[in-house]
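These notes concern the structure reproduced below.
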2 protein chains.
Amino acid sequence: MLREDVTDAIRAAVFGELAAVGYARMSIEGIARRAGVGKTAVYRRWKSKLALVLDLVSAVAAEGLPAPATGSLYGDVRALLEVAAHALRHPVASQVVPDLLVEAARHPEIADAIKSALLDGQHGVAAAVVRDAVARGELPEGADADRALDLIVGPLYWRLVVVRTAMPAGYLDDLAASAVAALKA
Amino acid sequence: MLREDVTDAIRAAVFGELAAVGYARMSIEGIARRAGVGKTAVYRRWKSKLALVLDLVSAVAAEGLPAPATGSLYGDVRALLEVAAHALRHPVASQVVPDLLVEAARHPEIADAIKSALLDGQHGVAAAVVRDAVARGELPEGADADRALDLIVGPLYWRLVVVRTAMPAGYLDDLAASAVAALKA
DNA sequence: TCACGACGGAACGGTTGCGTTTCGACGTAC
DNA sequence: GTACGTCGAAACGCAACCGTTCCGTCGTGA
């Protein structure tokens, strides 16, 4: 029976290494070193670096996303931005997510895992928000969920992950209002 | 006197390697191999992988960005999106840019180089577009160029680089209209 | 014509990680 | 109390790349 505390230590170490050096530079030896375990313990559980990361990403997927239902489009969008901003401010997440996205272009398995772990979940939430807004008459029939996601999350991701500039006070409120205006255009 | 054709071959090889394996995995040996030159030729010109990449990024910066002046906010935004979409559709650019952005978080020199090569230029263009729009009365006084850039480029970057999904016909027109509506909100 | 310097290629010793194997110590289930 | 399996640690041979050095070739400028 594999010891669970060792497994947990390895999982935590992978996140650490992923954030510190990125997927490309990450090594099994480095993971074992950081976790304070032997390489044997790692290879007994996963057969490769790729399998290890895929397992981790899938685990994140299982957590699911809360779908906002505030009763107004602005409220839903604002709530979405809050959750996204909170996630993207985590130093680990803001380092690991773009790193894996880049790597996904080279490893279809990673692309698939990220798609079902993150993008599909986001798409579902966006679709629900759009559906509710259409039902309330805030958006016209046939509004597109993909487009909505682009308009809502895009500016925030750009600001927090690409430009990496501080957001002024009230910026999320502003972004939410801007996104609602864009959606209705 | 260093031979210029060799220098060019190395530069091209760096772009190739950067797109193929990423900055982290890129090696001087690999660059020389791809360029069909000896390692000596590389080390004679640059002292490290980092210096090589910084030099390349700076060279890109020197090219500059065309500032649109179509006479309307929508026109300017649409032109900006066209240029950005064209650049981000290049397979090499869409692979290299996010890769270097991730690496920038670990190497301040790369962050600085990218900032002056890409972000500063974009900021300048956005500032000009906003200034013109304010002068025409299309935007209120004190409109923020950073916010404008987030709203214009963010959704496109998200779609093309993060989600990597095809854009439906006329999507750039739609994005431009949406961005204008967002800006005026 | 000749000397100089950059060229590609090969080798250097050193480091790092690969994936595997072996080892003795420990813990737990039976 | 014994037998089994996981544990950390260490070493294995192998491969890649580091940055440097030396080589013989070739093209060019004086």
Side-chain angles (χ1 to χ4, degrees), chain A residues 1-57 59 95-96 99-100 102-103 105-110, chain B residues 1-57 59 95-96 99-100 102-103 105-110:
Chain A
M1 180 89 335
L2 299 174
R3 268 169 51 192
E4 200 147 341
D5 57 329
V6 170
T7 307
D8 292 343
I10 296 173
R11 284 216 168 89
V14 172
F15 275 116
E17 286 289 294
L18 221 39
V21 306
Y23 179 84
R25 268 186 270 256
M26 185 175 71
S27 70
I28 301 281
E29 305 231 3
I31 292 166
R33 210 178 302 135
R34 179 184 288 252
V37 306
K39 276 201 293 180
T40 343
V42 179
Y43 279 111
R44 199 173 288 124
R45 290 167 172 79
W46 297 276
K47 71 180 216 299
S48 68
K49 183 170 84 166
L50 180 59
L52 185 36
V53 167
L54 289 181
D55 182 45
L56 242 75
V57 172
Q95 192 73 243
V96 170
D99 184 273
L100 289 182
V102 170
E103 216 58 49
R106 286 185 273 264
H107 302 282
E109 308 99 313
I110 294 185
Chain B
M1 180 88 332
L2 299 173
R3 268 170 51 191
E4 200 147 341
D5 58 329
V6 170
T7 306
D8 292 343
I10 295 173
R11 284 217 169 88
V14 171
F15 275 115
E17 286 289 293
L18 222 38
V21 305
Y23 178 84
R25 268 186 271 256
M26 185 176 70
S27 70
I28 301 282
E29 306 230 5
I31 293 166
R33 209 179 302 133
R34 179 184 288 251
V37 308
K39 275 200 294 179
T40 356
V42 179
Y43 279 111
R44 201 172 287 123
R45 289 165 173 80
W46 297 275
K47 71 179 217 300
S48 69
K49 184 171 83 166
L50 180 58
L52 184 37
V53 167
L54 289 181
D55 182 47
L56 242 76
V57 172
Q95 191 73 240
V96 170
D99 184 273
L100 288 182
V102 170
E103 217 57 50
R106 286 186 274 262
H107 302 282
E109 308 98 311
I110 294 184

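Each chain gets a letter, A, B and so on, in the order its sequence line appears, and its residues count up from 1.
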Applying salt bridge (Lys or Arg N to Asp or Glu O under 4.0 Å) to B/Arg3 and B/Asp8, what does each step give before you reach the verdict?
CA-CA 9 Å; B/Arg3 268 170 51 191; B/Asp8 292 343; over 6 Å; no
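- Here the closest heavy-atom approach between residue A/Ser48 and residue A/Ala51 is recorded as OG-N, 3.2 Å.
- A donor-acceptor pair under 3.5 Å is absent between the side-chain atoms of B/Lys39 and the main chain of B/Gly30, judged by distance alone.
- A/Arg3 places its CZ atom 6 Å from the P atom of D/dC7, with the value rounded to the nearest Å.
- Residue B/Leu100 holds its CG atom at 5.0 Å from CG of B/Leu18, rounded to the nearest 0.5 Å.
- Looking only at distances, a side-chain donor or acceptor of B/Lys49 sits under 3.5 Å from a matching main-chain atom of B/Tyr23.
- Using a 4.5 Å heavy-atom threshold, the side chains of B/Val57 and B/Ile110 count as separate.
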What does the B/S/- profile of nucleotides 24-30 of chain C look like, 5' to 3', with a 4.0 Å heavy-atom cutoff to protein?
-------
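- Phosphate proximity of C/dC7 to B/Arg44: present, with a side-chain N or O under 4.0 Å from OP1 or OP2.
- Here the nucleotide nearest the side chain of B/Leu2, chosen from C/dG8, C/dA6, D/dC7, is C/dA6.
- When the C1' atom of D/dG27 is taken as reference, atom CG of B/Asp5 falls 12 Å away, rounded to whole Å.
- In this structure, A/Ile10 atom CD1 and D/dT6 atom C1' are separated by 12 Å, rounded to whole Å.
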Under-3.5 Å N/O pairs linking protein and nucleotides 12-22 of chain D:
from: D/dC17; atom 1: OP2; to: B/Arg33; atom 2: NH2; distance (Å): 3.0
from: D/dC18; atom 1: OP1; to: B/Ile28; atom 2: N; distance (Å): 2.8
from: D/dC18; atom 1: OP2; to: B/Ile28; atom 2: N; distance (Å): 3.3
from: D/dC18; atom 1: OP2; to: B/Glu29; atom 2: N; distance (Å): 3.0
from: D/dG19; atom 1: OP2; to: B/Tyr43; atom 2: OH; distance (Å): 2.5
from: D/dG19; atom 1: N7; to: B/Lys39; atom 2: NZ; distance (Å): 3.0
from: D/dG19; atom 1: O6; to: B/Lys39; atom 2: NZ; distance (Å): 2.7

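- Of the listed residues (A/Val96, A/Ile28, A/Ile31), just one forms a side-chain contact (heavy atoms from CB on, under 4.5 Å) with A/Glu17, and that residue is A/Ile31.
- Contacts between residues 17-24 of chain A and DNA chain C, defined by a heavy-atom separation below 4.0 Å, involve no residue at all.
- Looking at A/Thr7, A/Leu54, A/Val53 one by one, the single match for side-chain contact (heavy atoms from CB on, under 4.5 Å) with A/Trp46 turns out to be A/Thr7.
- Side-chain atoms of A/Asp99 do not come within 3.5 Å of backbone N or O of A/Gly22 as any donor-acceptor pair.
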Check step by step if salt bridge (Lys or Arg N to Asp or Glu O under 4.0 Å) holds for A/Arg45 and A/Asp55.
CA-CA 11 Å; A/Arg45 290 167 172 79; A/Asp55 182 45; over 6 Å; no
Side chain to side chain contact (heavy atoms under 4.5 Å, CB included) between B/Met26 and B/Val14: does it pass, once the steps are laid out?
CA-CA 8 Å; B/Met26 185 176 70; B/Val14 171; 4.2 Å; yes
